[in-house]
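For clarity, every value in this text was computed on a predicted model and none was experimentally measured. Each chain gets a letter, A, B and so on, in the order the sequences are listed, and its residues count up from 1.
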Amino acid sequence: MAKVSFDVNGETHQFELDTRTTLLDALREHLHLTGTKKGCDHGQCGACTVIVDGRRINSCLTLAVMHQGDEITTIEGLGTPDALHPLQAAFVEHDGYQCGYCTPGQICSAVAVLAEVKAGIPSHVTTDLNAPVRLTNAELRERMSGNICRCGAYSNIAEAISAVAGRSA
Amino acid sequence: MRSFSYERATSPGAAAAAAATTANAKFIAGGTNLLDLMKLEIETPAHLIDVNDLALDRIDETADGGLRIGALVRNTDLAADRRVRRDYGVLSRALLAGASGQLRNKATTAGNLLQRTRCPYFYDTNLPCNKRKPGSGCAAIGGFSRQHAVVGVSDACIATHPSDMAVAMRALDAVVETVRPDGTTRNIPIAELHRLPSDSPEIETTLQPGELITAVTLPKPIGGTQVYRKVRDRASYAFALVSVAAIVQRDGSGRVALGGVAHKPWRVEAAEAELPGGAKAVTARLFADAKQTRDNAYKLPLAERTLAAVLREGGA
Amino acid sequence: MRFEHSATFNPIDQLKVIGHPTSRIEGPLKTTGTAPYAYERHDVVANQAYGYVVGAAIGKGRIAAIDLDAAKAAPGVLTIVTADSAGKLGKGARNAAPLLGGPEIAHYHQAVAVVVAGTFEQARAAAQLVRIDYVKGDGKFDLAAERDSVSIPDPTIGGPADTAVGDFASAFVAAPVQLDATYTTPDQGHAMMEPHASIAAWDGDKLTIWTSNQMIAWGAEDMAKTLGIPKENVRLVSPHIGGGFGGKLFLRADVLLAALGARAAGRPVKVALQRPLMFNNTTHRPATIQRIRIGAERDGRITAIGHESWSGNVSEGEPDMAVSQTRLLYAGANRMTATRLATLDLPEGNAMRAPGEASGMMALEIAIDELVDKLGIDPVALRIANDTQVDPEHPKRRFSQRQLVQCLNEGAARFGWSKRNAKPGQVRDGRWLVGMGVAAAFRNNLVTKSAARVRLDQQGRVTVETDMTDIGTGSYTIIAQTAAEMMGVPLEKVGVRLGDSDFPVSCGSGGQWGGNNSTAGVYAACTKLRETIAQKLGFNSEEAVFADGAVRSGNRSVPLAHAAGAGDLVAEDAIEYGDLAKTYQQSTFGAHFVEVGVDADTAEIRVRRMLAVCAAGRILNPKAARSQVIGAMTMGVGAALMEDLVVDKRHGLFVNHDLAGYEVPVHADIPHQDMIFLDETDPISSPMKAKGVAELGICGVAAAVANAVHNATGVRVREYPITLDKLLEWLDVD
């Protein structure tokens, strides 16, 4: 067992946890913040994506005890059914989901992707590494590729994100 | 996952010393590979030494004009570093070709070098694997080996090293800096970091027990056209079937390293003399001792064709 | 309500709510992470313990000895259940292999134990301490090797093992143009994002399970049968399902092990199948070998068509009915199909999205393209030339609707098919060899009983209850639209409660039957409620008009809220079908158009454009229906280019049993997808005049991709998936 405390969606939580507890299980099983999903538990699907200190990560492949003092944003921290985040609203409008299980991870990832592009972080498909990064169609799809949607809502997800980013897919 | 004790190291020397004195200890940084394997009990450390507090997350210019990359620099940050993008494009490209945005945000420079193979037989603890359980046999030989190594293999193991980053670093002649448990440091040319499987595939690097990677140094930029080409079935978020890291100079000389074909980034300096003769001549040397299976024989022509495309792109 | 005659004008035809592209009503829950899935129901019962599944380490054989001492002594362990301690178990009618193995092992990763502990971490660690000695048996794992020792199955679904019309053999030999080709499709996994998961709680002899299941009534029934308890003692609750695709049609090990674990531990237990276990523990789409022979006149008219398919399964398992569509899709006087089944010791094969047609169309629609090569006729034109408006086996039996030709023509026009170069390997865009492919889409429309209960309360709110499930299909929304249309209220006034075995039994989600049948069941219940209301108000129910939140007759109008009076008004009914499905053949049709690029150097294949045109009856919600089709198109791309559960024929397992090893498409694999529905209403299908779309969308996609690859490169690959290693040697070096 080990003690750790971190912020989730603006609220500080203190834990005494089995050191083996992943950040994902700390959120789901200890805080009952079940919006973050467990799809594979091995970093192969992206359903567990959360934003830690401004960066998206797979919460299944990190230990809770390694996040002392961190600021974590989960899907619950982005918006509520009555006050949707613009990306959440866009996913509804563009039907950017079907079963809904990968959706929180897709949305957390999308929030971070827009920030990454703004910060000028390149991607695999960036044509010129030394030029400013632009959110093209190919960029969006490459950057979102760590979030698998088996229902196959990709085309709609791209349109939802593009709508928020202010361009068409 | 077995129970383990956990500490946060305060200095590289202390971390290395702790690793040497604590039974069955492991360092953890990004954790993206280690925790994956711990969940399956392929890795079973009794003690984890969290090295994330060590101030090893800077990228500094070296006196001779190169770059010193801290062991904890995240893959995203290394790929996005303006100097890396400008002077070591092959490295930036290799990093961006790997994993996903989420994983690159966590994965570290040192951790990427020390990734373990993605061989499905290594991952299934019910099946024989000499790397996981020395002496148990190799289920990949005679099994599903489409993704496996074609060169440098042994009768004990045909696994590949999964890293993209390491392939680019191999082409760049990177040097790995470490600290050992006794506090001494050393520099290991990347060519000497990873081992071929031989009869002991469980030993993957030349690091000593407790030895901690603290940095990777890149020599001063050598210019040239730098290309990293990764070939895979899926367009993203997949390991390489074959990858080519190439640095091609205007005079046609250059460097070539391959990923996805061996237990380590595969570079044969002597083969680079053949560059004027084209991809076929180079790969003939690179694969002089190839030993392919029925499933992965395609990698030989694939590597040649990919190299040809890369050389065209490089203007050679 | 019995549906026995072609539907006439009814309240659904008003299309005030139905037919509109309404956003999903549960969307705000799904996008905020507040829609509850099975494993995360902290709200339903306290004191939940964690179960972790141990899977068999061999493909075939038996357990010689099992040692639980170390595991039982591990921290936090509450109980361990194995076949030894589970008590006598039955087997659900829809399970072939037992869900809990031991001592006999039927397949790799068959569950052999569940370890229950206070925390997930404790259960996972203790599961590794279970020591099992196995005696390996001689298993059969190689379909191709068993091809000559197959049996003639007696399929319960999808038609007989052999069909024949005319004289196929003679007509084929006599045909001036002949095609005889063999194709293979691999084993494929559902790989839904939510693992199979359940929380089980006992209250005396009553068992409640919060789970993730497509077919609630089947699950409850098979759970009761497996445990040997009365059906009424089992309640299944499954309001949200994180993907199924057929993989959650049946009772699976998570449900049984949670129930057994909870009984042994004396407290609620939750179990999720670990991802690396899922591919071998659960079901999959079985691999097939398919031989197709087509004889045609030089003008392209088919005179003989034969389709034989071989697949394997565990004993008691069914064959993949890959020949199904070949009985109906194209004309031709002389026809035959044959389905053969090998007994294999691989995991159980079962339904996956469009079972039968998905595999069958992968082969048949390449075969048609190969016939094109021999005839020199355009692939769209050849398909049109062989259209039939009647069941070719029973020419008096018409299709209720069949717009295949229109789908092909519309698609060709929209896709720019006329720009396709018929000669392969001619179009180049930089490093890419570019090609276009087409395939027909075909999937039958199935009708089946479905019930619902509708309640009107004093606020004028309408609540629908049915055990129908929403697996991402849009059930919540189309059911709400149906009730709103029927009762004349806005969508916001309708509540929908799904996935609970306490509710009336619906058709469930499978076989693309969910949309049409479940809404028809709601239609039936609403019709009854309308009658109840009219009667109560003294209206003639024939004349009563339900609109704008009121019921009107003549110049009398009463708000619905008042109609309920002191208590709720409740009506329950089911849609049941007469013989229309026998009189008419009901099917859904479409055309898939795909453009691919093949890297001239590496042979990497990337899809550049996709279009589907579908005709599938009334489209109840174009937004949700379009999503079903584009999702199926995505899965079709996976089937074409990457999905392959690789069999290790020595050890008897699917080797690549996780989401890194079993690749499914990611964002970067899928371009913007175009999809349109043709106008259609099918009064033969149901009062909704709708049909299924969710499986139609996958049928033919992979072949369209394959045909595009051929058009790009001139290389014909007959073994799926089409990967670069199968193209490389045929592509010229630049």
- Query: What is the ring orientation for A:Tyr101 with C:Tyr37, classed by angle as parallel under 30°, tilted 30 to 60°, or perpendicular over 60°?
  - Reply: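 Perpendicular.
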Under 4.5 Å from a heavy atom of chain A, the part of [X] involved:
X: C:Ile670; value: both
X: C:Gln628; value: both
X: C:Thr634; value: side chain
X: C:Thr34; value: side chain
X: C:Ala191; value: both
X: C:Tyr662; value: side chain

Is the shortest side-chain N to carboxylate O distance from [X] to [Y] below 4.0 Å?
X: C:Asp658; Y: C:Arg275; value: no
X: C:Arg626; Y: A:Asp95; value: no
X: C:Glu40; Y: A:Arg28; value: yes

- Query: So which of A:Cys149, A:Cys102, A:Gly100, A:Gly35 has the largest heavy-atom pair count under 4.5 angstrom toward chain C?
  - Reply: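 Going by pairs under 4.5 Å, I would pick A:Gly100.
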- Query: Short question: side chain of A:Glu16, backbone of A:Met1 - any donor-acceptor pair under 3.5 Å?
  - Reply: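 Not at all, since once roles are kept as given, no pair shorter than 3.5 Å links the two residues.
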- Message: In this structure, is the centre-to-centre distance between the rings of C:His240 and C:Tyr476 below 6.0 Å?
- Response: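 Centroid distance C:Tyr476-C:His240: below 6.0 Å, so yes.
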